[in-house]
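To start, the structure itself, in structure tokens.
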Amino acid sequence: MKEAIKVENVSMKYEKSKVIALDNISFKINENDIFGLIGPDGAGKTTLFRILTTLILPTQGSVEIYGFKTTKDYKQIRQFIGYVPERFSLYQDLTVYENLNFFASVYKTTIKENYAVIKDIFIHLEPFKNRKAGKLSGGMKQKLALCCALINKPKILFLDEPTTGVDPVSRIEFWETIKKLKENGITIIVSTPYMDEAKLCDRIALMFNSKILNISTPDDIISNFESNIFKIKSDNNSYLKKILNDFDKLFTAYYFGDSVHLAISKELAINEEQIISMINEKNIKIFEFSLIAPTIEDCFIKYLTNG
Amino acid sequence: MKRLINFIIKEFKHIIRDPRVLLILFGMPVVQVLIFGFALTNEIKNSKIIVIDFARDEISKKMINKIEANKYFEIIEISQNKNIILDYFREGKIKAAIIIPANLSSDLNHSGSSQIQIITDATDVNFANSIKNFIRAIINDYQSESLAGKVLERLIIVPEIKMLYNPQLKGAPNFVPGVMSMVMLLVCVMMTAIAIVREKEIGSMEVLLTSPVRPIFIIISKVVPYFAISTIDLTLILLLSVYVLDLPIQGSLFLLIAESLLFIFTCLNIGILISIRTSSQQIAMLMSLVGMMMPTVFLSGFMFPIENMPYVLQLISNVVPSKWFYIIVKDIMLKGAGFEIVWKETLIIASMMFFFFLVSFRTFKVRLN
Amino acid sequence: MDKIVIKTENLTKRFGAFTAVKDLSFEVHRGEIFGFLGANGAGKTTAIRMLIGLLRPTSGFATVAGFDVYKEPEKIKKNIGYMSQKFSLYEDLTVLENLKFFGGIYGLKSEAIKIKSAELVEKLGMKNIAKKLIKELPIGWRQKVAFSVAVFHNPAIVFLDEPTGGVDPIVRRQFWDMIYEASESYITIFVTTHYLDEAEYCNRISIMDEGTIKALGNPSELKKNFNVDSMNDLFYLIARKKI
């Protein structure tokens, strides 16, 4: 598979605040992947985006995009990337059409010329063509921002937290759009603090505290998870949670809705029957006991607690 | 080129679609000129004064009649008691007092000259100055009229002006040059800086920087509309001051416009510099207001005479560009000065512009700061 | 658990010709964690504003913490707590100063505030940070303090508006531990969120669309009833905009 982006030993330290935003990270992004940067606020996602999009230079390390270095070849890189920053809110006082037209002229192209690229998305915006961007709903704004970033037919599209603050329906539609863009051959780098969106990416990097905890496909990350997770429903969840946590250091129990989830390290030699009987001994009635698949969030927590 | 036009059109749309911005850009200059202008001329009308007439003779009577006939003054009392003056002033009943000495005619007859004292309330500097000038004009008028044909060598009645409360008052105050520099600052520094910083705030600056557009291009397209607007404002102010306020331009109009353009370019450079250094509209506004507007109001000589300030402030006032612009405009508009007189100030502003241009050029980056 | 703290019947709000909330009828029980979901424009915000006494309903009936939304909005406000992701604490005040300020807003006496603050500091083990400015605290602590402030005056109901957006999973889990704990002491938790994985943490959820509740119940039951695998699918099924 062809490699689109190569990041080598990149560190970023902000001089003024002495904050280390990125700490020696290296990874590659394959062409035509949906690559997800997953991590909470402050993990370094936006800084990484700004480095990849040639907006800032790392204090150390190098970034190559299709062989072009962000340091000296930024002019070439800027020709074929599209970027939607997190706080990008379009020109509120310009209409949908005026916004799009402006960004087309930024790239010395026209809406007509590249209409094929944005057609699928723009079709939803067409009825509101003459509405001011400030009067659009969140989902529509996001579509317009996407169109603006796509108007130059970019090879790589960078989307910084596109789903933050967006309602669930628009989020689902957004991911459908992303998949379509991938079919058109575009490489997409997307960041999100929401773990449940990780599984929609081809490959993900889990980021925390300026570092990358792991990079892989979501499936691989989940299948490498070292614990089993059980969902237990009982007549006394708070007591259940307490006794499970007290039972063994390698037991982690936490509430999950109307049930308790129990994570047990796979290396621990204990089977379901033993757990159930242990719970029954404490006079807790079990309504449901089942093995469930771990989520990316479970994996993330595991990486964090393991150091 | 097409792209640049597109950019500029977009910028004008931003301006036109925000009524508040329009108001600041076009309403403010007009309102400022009119307020400053009419506040002055209006109040001079029917100003109450008293006359202390120690002479009580033909000449003094004629002179009082002359003053009374004038629409600007209303004499509320003619007295021989000098002590009432201060009380009247304290109570705010009068704006000026005229003291005619007892020996007015004898002085005139013997030495050919005499003195009249005019006392004004100089807490309101501009007002006191205007009154002083009006009364002086009336007296001069009277002289030329009544003494026409008589063979007398020169001015015989010399008004002695005494400024109460602010005796060192100096300089002919004029608001139009002041308003001009304030408006230029507002449009070229504050509004320009805000317009650029706004792009940073809404995130579009990042998008534009990651595009092939050269950053300097973005800046130029931002600056052009504000340059255009400031020239419109300049025209507006000059038209208003000539046709509405009857304040003729004594010097060369061409020179005045050239100097204003120089100042506009200086301000635009400052605006760009502020926008490069800041990342929020609020801070940009604060910097423009505190960094430029306040010094203009306080240190340019427009509101308060620089000569009266402590030495340190006098020194600081030298780095305020509008001080020099104020001097230039005043000299050209009021004194009819030519380039040979204002070349030094021009040179100072030009070097300031060059300095700001260099600094903003050097801090400007193709990436985010 | 049986006591009802929020009850609405045919609650309706019209703005001119537009009906933002239409015949809303539901109940929330004491100590329950209730997720209030819906897409933007579904009527969520309007519904909540009516519940917390900020907006007078056009018709219908609603009581919150036993008080009528028409007649006793002031009493409602005294009996609820509120925490949002965007603003909940003053960053340039210390933990104790925040507690004092918000306690004061709800009319607690300064003696009571002192005692309660001390208890809270003890309970959360935050002796070391009680006198620190909020902005100096790590995000996990900030959230804990924010929640503590929201329940400081012992409200019957706490409204949480997207409480854990953007925080790391460990902090989030700790935060939800606090929520469960509060619910065990019979404080009702009313959560609005765009994030469906957060919805899974709730005892019951409602999904609003076009001004009405389209689904109401326990998350896993709802999934079963609508025959979908995930909350995402459920939501999509219910609230997808018909273009």
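Convention: sequence-line order gives letters A, B, ...; per-chain numbering from 1.
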With a cut-off of 6.0 Å (strictly less than), are more than 12 heavy atoms of other residues, nucleotides or ligands near CZ of B:Phe355?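 Open: at most 12 neighbouring heavy atoms sit under 6.0 Å from CZ of B:Phe355.
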
More than 12 foreign heavy atoms under 6.0 Å from NZ of B:Lys13: is that the case here? yes

Quick one: which of [options] has the most heavy-atom pairs under 4.5 Å with chain B, could you say?
| options | answer |
| --- | --- |
| A:Asn101, A:Ile81, A:Leu57 | A:Leu57 |
| A:Ile77, A:Val84, A:Thr53, A:Asn152 | A:Thr53 |
| A:Ala145, A:Ala149, A:Ser105 | A:Ser105 |

Can a salt bridge be assigned to the pair A:Arg87 and A:Asp160 using a cut-off of 4.0 Å between side-chain N and carboxylate O? no

In plain terms, say whether B:Lys10 and B:Glu199 are close enough for a salt bridge, that is, a side-chain N and a carboxylate O under 4.0 Å apart.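 Counted as a salt bridge, because a side-chain N and a carboxylate O are separated by less than 4.0 Å.
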
Scan for salt bridge (charged side-chain N to carboxylate O under 4.0 Å, His left out) pairs involving residues 14-33 of chain B, sequence neighbours excluded, and state none if there are none. A:Glu98-B:Arg17, B:Asp18-B:Arg20

What part of [X] gets closer than 4.5 Å to chain B, counting heavy atoms only: side chain, backbone, both or neither?
| X | result |
| --- | --- |
| A:Thr109 | neither |
| A:Tyr74 | side chain |
| A:Phe80 | neither |
| A:Leu90 | backbone |
| A:Lys108 | both |

Is a side-chain donor-acceptor pair under 3.5 Å present for [Y] with [X]?
| X | Y | value |
| --- | --- | --- |
| B:Ser322 | B:Thr296 | yes |
| A:Glu161 | A:Ser191 | no |
| A:Thr95 | A:Arg131 | no |

Give the interface residues of residues 209-220 of chain B toward chain A, defined by a heavy-atom separation under 4.5 Å.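 Heavy-atom contacts from residues 209-220 of chain B to chain A are B:Leu209, B:Thr210, B:Ser211, B:Pro212, B:Val213.
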
Six-ring centre of A:Phe122, A:Lys143 cation under 6.0 angstrom, axis tolerance 45°: no

Please say which of A:Lys69, A:Lys72, A:Lys28 ends up in a salt bridge (charged side-chain N to carboxylate O under 4.0 Å, His left out) with A:Glu64.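 Testing each of A:Lys69, A:Lys72, A:Lys28 against A:Glu64, the sole residue satisfying salt bridge (charged side-chain N to carboxylate O under 4.0 Å, His left out) is A:Lys69.
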
